[in-house]
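As structure tokens, the structure follows; a few thoughts come after it.
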Amino acid sequence: VQLQACGGGLVQPGGSLRLSCVASGSILSRNSMGWYRQAPGYARELVAGITSDGTTNYADSVKGRFTISRDNAESTVYLQMNSLKPEDTADYYCNAIMGSVQTMEVAPMYYWGRGTLVTVSS
């Protein structure tokens, strides 16, 4: 199982980034997927989830600014991040998730793959 996130970088407040995560095998097509982030000194948190049929949900801190999407044919899940704030600075990871995307009560299914660092700073 491989989960590789990419697309992070340094961006000014108010800017945008699009993260991508490629999942090996049939992980993505069979499961709900989630984007998590972990800032220094903080626990990893779920910021967005998407079911296999495309239903989405978001943490309150990113609602209206982030958009999660998926391309099953490309085994890729995306996170479009707009209106970025300094508090969005973190390492971002994706994983298949089990549980309820509707309530955001989920758990990661696999070992964590490579994350991608997002730094929001002027």
Side-chain angles (χ1 to χ4, degrees):
V1 172
Q2 289 189 330
L3 297 158
Q4 298 188 19
C6 63
L10 174 64
V11 62
Q12 292 186 341
S16 298
L17 281 175
R18 189 193 195 203
L19 307 184
S20 301
C21 178
V22 178
S24 63
S26 60
I27 294 172
L28 193 138
S29 63
R30 293 186 285 113
N31 294 295
S32 297
M33 298 294 295
W35 277 99
Y36 290 76
R37 69 184 179 188
Q38 186 169 22
Y42 290 84
R44 195 167 298 178
E45 62 172 347
L46 178 70
V47 297
I50 184 168
T51 64
S52 57
D53 65 0
T55 301
T56 61
N57 204 359
Y58 302 89
D60 288 343
S61 59
V62 306
K63 200 166 291 186
R65 300 187 298 120
F66 289 12
T67 302
I68 187 172
S69 61
R70 62 194 294 156
D71 184 336
N72 289 347
E74 296 294 327
S75 296
T76 302
V77 60
Y78 302 98
L79 187 67
Q80 177 67 42
M81 305 186 296
N82 299 328
S83 303
L84 282 161
K85 305 175 181 180
E87 52 263 43
D88 294 318
T89 295
D91 283 304
Y92 284 73
Y93 303 82
C94 77
N95 210 323
I97 53 178
M98 63 176 71
S100 171
V101 169
Q102 184 175 9
T103 63
M104 296 288 270
E105 294 177 351
V106 302
M109 294 178 64
Y110 298 104
Y111 288 111
W112 296 103
R114 185 187 71 194
T116 186
L117 177 63
V118 172
T119 304
V120 185
S121 175
S122 55

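Note that the coordinates shown come from a computational prediction; the quantities given were computed from them, not determined experimentally.
If you chain together hydrophobic residues whose side chains sit under 4.5 Å apart, Met109 and Met33 fall into the same group. Put simply, Leu79 and Val101 are part of two different groups of oily side chains (I, L, V, M, F, W, Y) that touch within less than 4.5 Å, one to the next. Put simply, Val62 and Val11 are part of the same group of oily side chains (I, L, V, M, F, W, Y) that touch within less than 4.5 Å, one to the next. Residues Met104 and Val106 are members of one and the same hydrophobic cluster, defined by side-chain heavy-atom contacts under 4.5 angstrom among Ile, Leu, Val, Met, Phe, Trp and Tyr.
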Original post:
Could you go step by step and tell me if Ser121 and Leu10 meet the side chain to side chain contact (heavy atoms under 4.5 Å, CB included) rule?
Top reply: CA-CA 7 Å; Ser121 175; Leu10 174 64; 4.2 Å; yes

**OP:** Quick one: do Ser24 and Gln4 satisfy side chain to side chain contact (heavy atoms under 4.5 Å, CB included)? Show the steps, please.
**Re:** CA-CA 9 Å; Ser24 63; Gln4 298 188 19; over 6 Å; no

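Here the shortest heavy-atom pairing between Ser122 and Pro13 reads N-CD, 3.7 Å. The two residues Ala48 and Leu46 come nearest to each other via the heavy atoms O-CD1, 3.4 Å. Of all heavy-atom pairs between Ser83 and Ser16, the closest is N-OG, 4.4 Å. Gly8 and Leu19 get closest at one heavy-atom pair: N-CD2, 3.6 Å.
Asp71 places a side-chain N or O within donor-acceptor distance of the main-chain N or O of Ala73, the cut-off being under 3.5 Å. Listed for the Asn57 side chain is a donor-acceptor partner under 3.5 Å among the backbone atoms of Gln102.
Sequence neighbours left out, not one pair with a member in residues 35-88 passes disulfide (SG to SG under 2.5 Å). Among residue pairs with one or both ends in residues 22-64, those qualifying as ring-ring contact (aromatic ring centres under 6.0 Å, His included) are Tyr36-Trp112; sequence neighbours excluded.
Taking OG of Ser52 as the reference point, atom CG of Leu28 lies at 9.5 Å (rounded to 0.5 Å). Rounding to the nearest 0.5 Å gives a distance of 5.0 Å between CG of Leu3 and SG of Cys21. Here Glu45 contributes atom CD and Gln38 contributes atom CD; the two are 9.5 Å apart, rounded to the nearest 0.5 Å. Put simply, CD on Glu74 and OG on Ser29 are 13.0 Å apart, with the number rounded to the nearest 0.5 Å.
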Donor-acceptor contacts under 3.5 Å from residues 86-99 side chains, at least two apart:
from	atom 1	to	atom 2	distance (Å)
Asp88	OD1	Arg37	NH1	2.9
Asp88	OD1	Arg65	NH2	3.0
Asp88	OD2	Arg65	NH1	2.7
Asp88	OD2	Arg65	NH2	3.4
Asp88	OD2	Lys85	N	2.8
Thr89	OG1	Pro86	O	2.9
Thr89	OG1	Val120	N	2.9
Tyr92	OH	Arg37	NH1	3.0
Tyr92	OH	Asp88	O	2.6
Asn95	OD1	Tyr110	N	3.3
Asn95	ND2	Tyr110	O	2.8

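Annotation: side-chain hydrogen bond (donor to acceptor under 3.5 Å, both in side chains) contacts of Asn72 (sequence neighbours excluded): Arg70. A search for side-chain hydrogen bond (donor to acceptor under 3.5 Å, both in side chains) contacts involving Thr51 returns Asp53, not counting sequence neighbours. For Gln80, the side-chain hydrogen bond (donor to acceptor under 3.5 Å, both in side chains) partners two or more places apart in sequence, or in a different chain, are Asn82.
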